[in-house]
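This report concerns only the one structure given below.
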Amino acid sequence: MSDVSWPLWEVFVRARRGLSHTHVGSLRAPDAAMALRNARDLYTRRQEGVSIWVVPAAGITASSPDEKDAFFEPAADKVYRHPTFYQVPDGVAHL
Amino acid sequence: MGHNCKIDGVEGVQVFRGVVLQVLAWGWCGCNTYLVYGNDFPGPDGGLLGEVEAAEAALRDAAERGLAGAAGRQGADEATLRDYFTAVIEADQKIEPRDWMPEAYRKTLIRQIAQHAHSEIIGMQPEGNWITRAPSLKRKAILLAKVQDEAGHGLYLYAAAETLGVSRDELVQMLLEGRQKYSSIFNYPTLTWADVGAIGWLVDGAAIVNQVPLCRCSYGPYARAMIRICKEESFHQRQGYEILHTLSHGTPAQKAMAQDAIDRWWYPSLAMFGPPDTASTHSEQSMAWKIKRFSNDELRQRFVDMCVQQAEILGLTLPDPDLRWNEQRQAYDYTQPDYDELMRVIKGDGPCNRQRIEHRRRAHREGAWVREAAAAYAAKDRVRQEAAA
């Protein structure tokens with residue numbers, strides 16, 4: 001029974017109000033409630049956060065680093081998505 | 001214990017409360033580092049903690065630079081993948097879990113990170129030995145927090161190792177079966193309260209010198225775990241130094257106890273840096289992969305040079321009659337630790353090897369019902385939720 005391994009959880013902590021949750025690491029726990037408690041004890045011993053998310057690692061779908069270039073390529077040739085692409089005539093204010 | 005260590009007493013408790021109030025008074029502040037680690041966090045030139053901060057900044061910078069000519073396309077051959085791996089390391093960027101990496105790089109990291117994690121877990125024992133006998137409530141609260149940190153460091157490291165495709169359960173099993181090692185230093189006994197001070201100052205001090213360069217390790221999850229660990233370790237080192245300072249300014253018996261602890265911990269601490277460069281087997285490849293940044297002897301020298309002045313302020317003596325400043329080398333000459341002893345202790349024949357591993361096995365065994373109960377509860381809860389849905 002004890003060799004039943006607990007699932008892996010990824011932990012995200014919001015350091016302060018106004019900031020987004022950031023990935024800080026992972027841990028093992030039998031269920032979500034325990035994962036949250038363990039995350040508090042492990043990753044916020046020094047007031048590092050005001051809010052914690054725990055996510056089952058198995059529930060995360062990640063893009064593969066192997067196809068990194070092909071996957072993100074469509075964004076590369078659309079420079080007109082950036083404001084710096086456009087020429088602004090001299091003297092225009094508030095643009 | 002014949003020694004009377006009641007040196008903090010009631011005022012100790014008040015100091016502790018004062019610290020809590022101070023922390024509360026800081027309240028919200030713009031910088032988390034300040035809030036958590038105090039206002040004495042030095043800049044880039046400010047010692048080891050400064051180096052940790054610099055490593056953290058370098059990590060962010062490297063991430064922003066990006067790497068030109070990214071390869072690693074789907075179906076790329078191994079030579080291309082290897083070139084990309086090498087290019088990332090040469091550009092001082094981080095290898096991340098799902099990147100291609102040479103099998104030997106993965107194995108080296110698993111071995112090193114696991115050994116490091118096991119050291120944190122076993123490292124709870126020598127000091128845990130003194131929690132019930134700490135000389136005051138303040139010291140007890142601090143020691144509890146420190147031992148809890150060590151458990152936490154072990155878990156950060158197991159989490160980092162898990163990103164390399166090994167599970168925590170496998171690693172724990174390897175420790176219990178003696179198939180993976182932990183730092184030899186934890187096979188020495190803690191005979192007096194002063195040993196808790198000596199461990200903090202010397203053992204944690206040596207660990208910090210060893211670990212600060214690891215904050216720049218080429219493997220991302222390990223580097224990030226080390227940044228976190230090093231920041232927390234500095235509290236450990238300071239609390240040890242403070243214990244020794246208090247003892248050395250106490251009664252003659254207390255001072256003698258502090259000196260005795262240093263006499264016993266000095267050489268084992270020097271041995272923590274591993275065998276001399278001429279005999280170190282893993283170093284060269286680890287340097288090339290930027291897992292390791294300095295040689296064992298370089299780090300050992302750095303540690304000695306730091307300790308000399310700190311010992312002077314303690315008013316205690318490092319037990320090395322040949323310790324002296326070498327003007328030419330701009331470093332201290334010192335006596336090497338007994339490497340034969342180091343090898344004996346690593347191979348299992350130190351003063352407490354059997355006791356440490358037996359204790360860990362017992363703790364694991366006796367904790368089995370907790371793991372089983374938690375798993376059973378989680379299973380029951382799942383069934384209940386499925387029924388309700």
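Below, chain A is the first sequence line, B the second, and so on; all start at residue 1.
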(message) Does E177(B) have more than 12 heavy atoms from other residues, nucleotides or ligands lying within 6.0 Å of its CD?
(response) yes

(message) Test your reading of the model: is there a side-chain donor-acceptor pair from R371(B) to the backbone of P30(A), 3.5 Å cut-off?
(response) no

(message) With a 4.5 angstrom heavy-atom cut-off, is it the side chain or the backbone of A62(A) that approaches chain B, or both, or neither?
(response) both

(message) Just checking L95(A): does its CG atom have more than 12 heavy atoms from other residues, nucleotides or ligands closer to it than 6.0 angstrom?
(response) no

For a quick test of your reading: what N or O donor-acceptor pairs under 3.5 Å do the side chains of residues 154-161 of chain B make, sequence neighbours left out?
unit_1, atom_1, unit_2, atom_2, d
Y156(B), OH, L42(A), O, 3.2
Y156(B), OH, R45(A), NH2, 3.4
Y156(B), OH, R228(B), NE, 3.1
Y156(B), OH, E232(B), OE2, 3.2
Y158(B), OH, H118(B), ND1, 2.8

(request) Starting at CD of Q148(B), measure out to CG of D41(A) and round the result to the nearest 0.5 Å. (result) 6.0 Å

(message) Please classify the contact of D149(B) with chain A as side chain, backbone, both or neither, using a heavy-atom distance under 4.5 Å.
(response) both

(request) If a pair satisfies side chain to side chain donor-acceptor pair (under 3.5 Å) and one of its residues is in residues 20-36 of chain A, list it, with sequence neighbours excluded. (result) E10(A)-H23(A), H21(A)-S51(A), H21(A)-W53(A), R28(A)-E162(B)

